[in-house]
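Take a look at the structure below.
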2 protein chains.
Amino acid sequence: MGHTTIKDVAQKAEVSIATVSRVLNELDNVSPATRQKVLDACDELGYSPNMQAKRLKLGFTNSIAAVMPFLTLPSIVERLRGVQATLAESEYDLFPFSVENPEERDQYLERLANRSLADGVLIISMPISSEQVARFRRIDMPVVLIDSFQPGCSRVFTDDVLGGKMATEHLLDLGHRRIGFLSDHLDLPMQFSSTRDRFQGYRLALEENGIPFDPAYQKQGPHGREAARAMALELLTTNGRPTAIFAASDTQAIGVLDAARELDLSVPDELSVVGYDDIRDAEYVHLTTIRQPLFDTGKIGGKILIEQIAQGCLDEQEALLPLSIITRSTTAPSLRS
Amino acid sequence: MGHTTIKDVAQKAEVSIATVSRVLNELDNVSPATRQKVLDACDELGYSPNMQAKRLKLGFTNSIAAVMPFLTLPSIVERLRGVQATLAESEYDLFPFSVENPEERDQYLERLANRSLADGVLIISMPISSEQVARFRRIDMPVVLIDSFQPGCSRVFTDDVLGGKMATEHLLDLGHRRIGFLSDHLDLPMQFSSTRDRFQGYRLALEENGIPFDPAYQKQGPHGREAARAMALELLTTNGRPTAIFAASDTQAIGVLDAARELDLSVPDELSVVGYDDIRDAEYVHLTTIRQPLFDTGKIGGKILIEQIAQGCLDEQEALLPLSIITRSTTAPSLRS
DNA sequence: TTGAAAGCGCTAACAC
DNA sequence: GTGTTAGCGCTTTCAA
């Protein structure tokens, strides 16, 4: 029997398929009576148009793809929400592709370089090679990078080095001198370069204040609250333990708070903690943190992409979004005499 | 300039489009020499086939859609991984749709009831109405439910009432009599009926052991670790506080552990805690919990769906998956004298 | 205001 | 082993 087609509707409504198409696409050169007949027929038959045919004819898909790592990370989810906020106001559908390893990423990116699958693609918090970019350019497919970088691509980003500096300087200003840095792995294949950048900001701030970097105060490990807790436990049970810890993400900072509680270290009196991102839970636990406009990166990234699709012009756009420090109650002046 | 088409490739390779199609679809009635010519031409032109056209012609999409709530929940992610594991071995693409409210859900379900968008659909941990099922049936589109129920649909599920009973009985066996129950809201529109079922299992176990249900020992609230922590704090600071708490999810159980630590209540000596799901973090924090085969539900659900698509037959299948209790170190005998 | 018909890029008979 | 061609369901000129 196959699916109901525009032909069936036309037959039932006793009009031509062209007329049905007009009604469905809300063109106004159709008489009210005819329109009603068509609408009724659609209803009765439970008709819904074949999108493949429509897209084949039209030459575009009205959809955009978003490739990102680990859809479970709160920061990624928040960016995606921003994208959706933009797309909700447009006619575009969003197809998210969550990848868990570099092979998967490369595979998706290769397949997505196909005009019949999406009108444009968003890359979120993921490195992408120049060859991969080239493949998209070759078929005139717009790509915008969110929290990532590759020459020749539009992008929306924040200055992670600056963010790392801001966090560290906040602690320095409070008189802290033994400041720990805790993060996920600094050199993994799917690595967000942002973690490295934040670390660099941390080191820059120390340097500018004449404090030598002490590797004993730095820990890296798997991402996640529990892993961070374990690392913080180590960091805090050594001699000359840090009086403050800057964690490269809020999730990890919350793990640090767990560890402090476990060690009966009062925060912020005996330990100051600053996070990064300002995810929802940060407010909940009163975490001092660097706020980056996660939602807005998605929103603006989506907007730029849609513009580029509409205009068919691929000139590079860059949007640098501002950072701010949110001072809550996990940081206080150092108590050293 | 438009996209490169099969025609361009044919021209370049000096063969007919049929031959190109044969090469691309790996049919073997093509001479090696011709095949190579075609492959070269594809390469040079950077050709990739128009999927819309292919699908229009073929009449199916080779893709399946999965609709689920909040892609951030660890349990949902784990189920989805199972689905992906099945699909990875097939030719099907997976398109996840994460919905955040009932309106979004209804909207997606309505749009997805269209054979040109997917060959089948998976509904994960989400209630679906009989009208919605009817719409899919009407167009012969297979639907399989994972952790959900609606007459006339295939599904893979576990017995949540039993799970709730198992958890509670474990605590009863340890001698606990004041047992708290903590969960997300029991009657929300997007409600997983599973939470209600677990609650029912809890009540059944109490009843069968002659213990009256005391509403003071039950708390419900928003989902999430922090919210659970807050609820547990309330539960544990009243007179005659429970000696054990059964949390309807591991995430919430971990929130209970947070609260216990905060109150300096030793677990399991002064408080026993049991969770539900056995997500990864459960092992990390040594949580006693009801393990449900999250990954397998996805895997099997995907398999059933693919079968139904292949056979074109929609006879209802049901797969009831087993539960087990994983005893770790958050539960111990009650200390009451 | 409506209908006839061309054609989007592809696959699969069917011919040779 | 290879080419010709009909047609998937739709939109959109062009004519009426």
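Chain letters run A, B, ... following the sequence lines, proteins first and then strands; every chain starts at 1.
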**Message:** At 4.0 Å (heavy atoms only), tell me whether Arg55(A) reaches a base, stays on the sugar-phosphate, or touches nothing.
**Reply:** nothing

**Request:** Tell me what Thr34(B) touches on the nucleic acid: a base, only sugar-phosphate, or nothing, going by heavy atoms under 4.0 Å.
**Result:** sugar-phosphate

**Message:** Need one value for Ser21(A): base, sugar-phosphate or nothing, where a base atom within 4.0 Å counts as base even if backbone is also close, heavy atoms only.
**Reply:** base

**Request:** Compare the minimum distances between each of dT2(C), dT11(C), dG9(C) and the side chain of Val30(A), then state the nucleotide with the smallest one.
**Result:** dT2(C)

**Asked** Taking 4.0 angstrom as the limit, do Asp93(A) and Arg111(B) come out as a salt bridge?
**Response** yes

**Message:** Expressed as a whole number of angstroms, how long is the span from Ile6(A):CD1 to dA5(C):P?
**Reply:** 17 Å

**Request:** Output yes when at least one side-chain N/O atom of Thr19(B) is less than 4.0 Å from OP1 or OP2 of dG3(D), else no.
**Result:** yes

**Request:** Compare side-chain N and O positions of Tyr47(B) against OP1 and OP2 of dC10(C) and report whether any pair is under 4.0 Å apart.
**Result:** yes

**Prompt:** So, are Arg280(B) and Glu78(B) salt-bridged, with charged N and O less than 4.0 Å apart?
**Reply:** yes

**Item:** Min side-chain heavy-atom separation Asn114(B)-Leu117(B) under 4.5 Å
**Value:** yes

**Request:** Look at all strands and tell whether Ile17(A) reaches a base, only sugar-phosphate, or nothing, counting heavy atoms closer than 4.0 Å.
**Result:** base

**Asked** Over how many whole Å does the gap from Lys54(A) atom NZ to dC10(D) atom P extend?
**Response** 10 Å

**Request:** Using the six-membered ring wherever Trp is involved, compare the ring planes of Phe97(B) and Phe95(A) and label them parallel, tilted or perpendicular (cut-offs 30° and 60°).
**Result:** perpendicular

**Request:** Measure the distance from CG on Leu117(A) to C1' on dG9(C) and round it to the nearest whole Å.
**Result:** 14 Å

**Message:** So, does Ser116(B) get its side chain near the phosphate of dG9(D), meaning an N or O under 4.0 Å from OP1 or OP2?
**Reply:** no

**For atom CG of Leu27(A) and atom C1' of dT12(D), their distance in whole Å** = 10 Å

**Asked** Atom CG of Leu58(A) and atom C1' of dA6(C): how far apart are they, to the nearest Å?
**Response** 16 Å

**Request:** Could you please name the option among dG3(D), dT13(D), dC10(D) that lies closest to any side-chain atom of Pro49(A)?
**Result:** dC10(D)

**Asn29(B) CG - dT2(D) C1' separation (whole Å)** = 9 Å

**Prompt:** If you check the Ser31(B) side chain, which of dT11(D), dG3(C), dG1(D) turns out closest?
**Reply:** dG1(D)

**Request:** Verify the contact: side-chain N or O of Thr5(B) to OP1 or OP2 of dG9(C), cut-off strictly under 4.0 Å; return yes or no.
**Result:** no

**Test item: Asp296(A) side-chain N/O and Lys299(A) main-chain N/O as donor-acceptor pair under 3.5 Å** = no

**Request:** Select base, sugar-phosphate, or nothing to describe what Phe60(B) touches, counting heavy atoms under 4.0 Å on all strands.
**Result:** nothing

**Item:** Gap between atoms CD and P, on Glu14(B) and dT2(D) respectively (whole Å)
**Value:** 13 Å

**Prompt:** Can you check the Lys57(A) NZ to dA5(C) C1' distance for me, whole Å?
**Reply:** 11 Å

